[in-house]
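Following: one structure in structure tokens, then a few remarks.
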There are 2 protein chains.
Amino acid sequence: MARSTIADVAKLAGVSQATVSRALHGADNVTERTRQKVEQAADQLNFTLSKNASSLASGKTMRVILLSSGKLNDWFDANVLEGVYEVLDPEGYDVSPAVILGKEEADAYFAQLPKNRNADAIIVSSFQLDGTLQQQLKGIDMPSVGVNIPSASFCDASVEADNFGGMEKAVRLLKSLGHRSIAFAVDYIPTNMVYSTSQRTEAFLEAAEQNGYDEDHIDIVSAEPHERPLPLSELASQLVAQLLSSQRHPTAVCAETDAVAIALVKELRRQHLRVPEDVSVIGFDDANIAVAADLTTIHQDPVELGRMAAAKVLQLLGKPIPTDVHVGALHESLEPTIVLRETTGRSDS
Amino acid sequence: MARSTIADVAKLAGVSQATVSRALHGADNVTERTRQKVEQAADQLNFTLSKNASSLASGKTMRVILLSSGKLNDWFDANVLEGVYEVLDPEGYDVSPAVILGKEEADAYFAQLPKNRNADAIIVSSFQLDGTLQQQLKGIDMPSVGVNIPSASFCDASVEADNFGGMEKAVRLLKSLGHRSIAFAVDYIPTNMVYSTSQRTEAFLEAAEQNGYDEDHIDIVSAEPHERPLPLSELASQLVAQLLSSQRHPTAVCAETDAVAIALVKELRRQHLRVPEDVSVIGFDDANIAVAADLTTIHQDPVELGRMAAAKVLQLLGKPIPTDVHVGALHESLEPTIVLRETTGRSDS
DNA sequence: TTGTAGGCGTTATCAA
DNA sequence: TTGATAACGCCTACAA
């Protein structure tokens with residue numbers, strides 16, 4: 001069955017193509033009677049508008065790109081995608097996910113992007129862009145909104161989970177629990193690409209200082225430099241070794257992510273240290289693995305970040321925004337919360 | 001900066017539009033020298049082809065729809081998406097995710113689908129389609145491939161994880177461990193939509209029988225009917241109550257999914273039963289929460305399912321298939337494996 | 001190997 | 001409110 005075109009519908013309904021187009025788009029300047037005729041005809045012919053043809057003619061693609069720095073099955077990225085999809089899909093937008101894993105890929109992608117007007121807007125999730133890329137992003141003619149991007153002022157809008165606020169809460173919790181010496185555990189981060197999570201080390205240091213921890217009571221433990229991702233067990237083993245051999249004897253550790261935290265807990269227990277009795281551990285993210293592992297952690301909500309980002313896209317595109325989506329300033333920050341579970345407790349010492 | 005068109009490039013390169021098109025598509029019938037000229041010109045003008053215009057002219061959309069029955073942040077669906085993306089993206093295809101959550105949405109979507117030639121192919125993931133929908137899917141002119149769809153013969157191709165084979169392994173494990181009375185735990189499944197996981201109950205029963213368990217040594221515990229998703233703790237509490245009050249005193253339980261299994265483990269421990277000493281628990285899926293919770297489980301690989309599905313799409317589209325992707329028969333089944341962790345052990349009784 | 005020209009299915013402008 | 005008709009940017013016979 002050959003696809004029918006707007007011309008067929010027009011003929012069947014006895015009107016012009018233009019009218020069909022108007023009717024099917026719910027334009028206001030169409031008689032109710034005409035609209036009905038058209039809709040009937042369209043139904044009969046099993047017709048819907050071709051997105052491609054519409055796009056070509058109108059210049060609107062009805063598509064927005066979601067650029068992720070992680071794979072689509074990463075907890076964070078999958079959740080952002082879900083949020084973005086939730087608000088964009090009902091508005092008739094396709095969301096076109098794209099992933100960019102390293103600096104080279106990013107360069108290649110952005111070099112080709114400005115030329116390519118194949119989307120109405122772009123959402124960039126979770127990585128820092130260097131000066132060149134920022135320029136390129138600015139240079140393209142479509143609105144851009146950043147998600148969890150440090151200093152995202154080069155985007156037209158942005159949302160982020162406040163790493164600093166989150167870390168502050170974690171540190172304050174540890175202080176309340178009586179921990180005198182605390183540590184931060186972090187995987188090695190390749191220098192050629194800065195991710196959102198890399199803010200967290202800085203955030204931890206800042207929070208620790210502000211809460212009265214001095215150099216002699218702070219440890220930063222991190223993995224050896226490595227090219228490809230380390231198995232978590234290997235990572236944890238390196239980190240725990242540093243933790244246990246530190247002269248500062250930390251009794252609590254914040255981890256960069258839940259995954260790192262969980263690996264830490266397992267390795268600590270393997271070394272016959274009790275968590276939380278001997279060592280407290282706090283994660284970051286509150287991914288679904290955190291509840292599975294009963295991990296105390298900092299909760300952020302990437303689905304909501306995605307929703308908000310999508311709302312900003314709509315806003316920048318001059319579209320009405322669904323009432324159930326929050327929308328505030330162009331650049332917004334979400335305050336993480338802390339979730340107490342089983343891996344933190346009072347310090348004995 | 002106004003977007004430049006193929007005409008601009010043609011002029012600058014001193015060739016015809018047709019040649020530009022050919023050159024940029026890597027057609028073989030273009031002189032190397034010509035190609036270079038064209039590429040240079042394109043570069044200079046910051047030009048790339050417009051996907052929309054190409055699609056319209058060629059009839060190929062270079063887009064494939066991925067239809068999920070779960071949200072995009074569900075473990076299974078996110079992983080399938082990743083797999084699909086991994087193989088389709090390098091081939092120049094966009095993957096356009098769409099989610100359909102209930103029977104009504106499915107009806108609406110499929111009713112509109114046949115009319116809508118906005119993709120080159122469709123991948124349908126993880127739900128059973130009733131007769132009508134099957135007909136509609138058959139009726140459309142684009143290739144369809146199913147992922148984890150029971151009896152997917154109405155798709156042009158399909159891949160699935162073998163629930164029966166997986167369950168068989170789980171049951172055999174329990175038998176080896178000396179468990180005489182075993183149970184299966186399952187959430188209530190709304191009757192208006194059949195998911196892939198609903199095969200698992202059947203699979204369990206079949207496996208149990210074949211391994212010599214009779215009616216007096218098999219329990220199926222399931223939640224009360226409910227409309228909206230139950231909190232897992234609530235679900236677990238219902239299930240554990242049934243488990244512990246059964247006259248058959250099961251010493252091991254297979255769960256429909258990892259999430260159910262983990263909730264079960266927590267609730268059992270809350271009731272002061274030891275896992276695995278008193279009760280063994282096996283999950284299904286080997287999602288990332290399973291390793292976080294040290295859960296013994298049946299491992300399946302949805303990323304690989306996604307990859308294979310995408311490869312089949314390519315195949316159906318008559319495209320060459322990347323060498324690193326497995327491709328076999330049109331309808332294939334993947335055998336799950338069992339992963340031993342900490343929630344299973346010998347039966348004491 | 002390259003060029004010419006018609007057409008892909010809509011939208012938008014301008015009249016009517 | 002509706003109807004002609006010219007774009008939109010590219011592809012693909014077909015011809016050269």
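First the proteins, then the strands, lettered A, B, ... as listed; each starts at 1.
Atom CD1 in B/I6 sits about 8 Å away from atom C1' in D/dC11, given to the nearest Å. Separating the NE2 atom of B/H25 from the P atom of D/dC10 is a distance of 9 Å, rounded to the nearest angstrom. Between B/F47 atom CZ and D/dC10 atom C1' the separation is 8 Å, expressed in whole Å. Taking atom CE of A/M62 as the reference point, atom C1' of C/dG9 lies 17 Å away to the nearest angstrom. For the pair B/L56 CG and C/dT10 C1', the computed distance is 8 Å after rounding to whole Å. Taking atom CD of B/Q17 as the reference point, atom C1' of D/dG9 lies 8 Å away to the nearest angstrom. Distance B/L24 CG to D/dC11 C1': 13 Å, rounded to the nearest Å. Rounded to whole Å, atom P of D/dG9 lies 11 Å from atom CG of B/N52.
The side chain of A/T19 places an N or O atom within less than 4.0 Å of a non-bridging phosphate oxygen (OP1 or OP2) of D/dG3. Phosphate proximity of D/dC11 to B/S54: present, with a side-chain N or O under 4.0 Å from OP1 or OP2. Contact check, B/T5 against D/dG9: no side-chain N or O comes under 4.0 Å of OP1 or OP2. Taking 4.0 angstrom as the limit, A/S58 places none of its side-chain polar atoms (N or O) nearer than this to OP1 or OP2 of D/dC8.
Position along DNA chain C of the nearest nucleotide to B/A53 versus B/D28 favours B/D28 as the more 5'-ward residue. The residue among B/A57 and A/S21 whose nearest nucleotide of DNA chain C lies closer to the 5′ end is B/A57.
Across all strands, B/V15 comes closer than 4.0 Å only to sugar-phosphate atoms, never to a base (heavy-atom distances). Contact annotation for A/S55: no contact, since no heavy-atom pair falls under 4.0 Å across all strands.
The two atoms that bring B/S69 and B/S126 nearest to each other are OG-O, 3.2 Å, heavy atoms only. Contact record, B/V99 with B/E105: O-OE1, 3.7 Å, taken as the closest heavy-atom pair. Listed here is the closest heavy atom pair of B/S16 and B/A10: C-CB, 3.8 Å. The two residues B/N118 and A/K51 make their nearest non-hydrogen contact at OD1-N, 3.1 Å.
Exactly one residue among A/L45, A/T48, A/L24, A/L49 makes a side chain to side chain contact (heavy atoms under 4.5 Å, CB included) with A/I6. That residue is A/L49.
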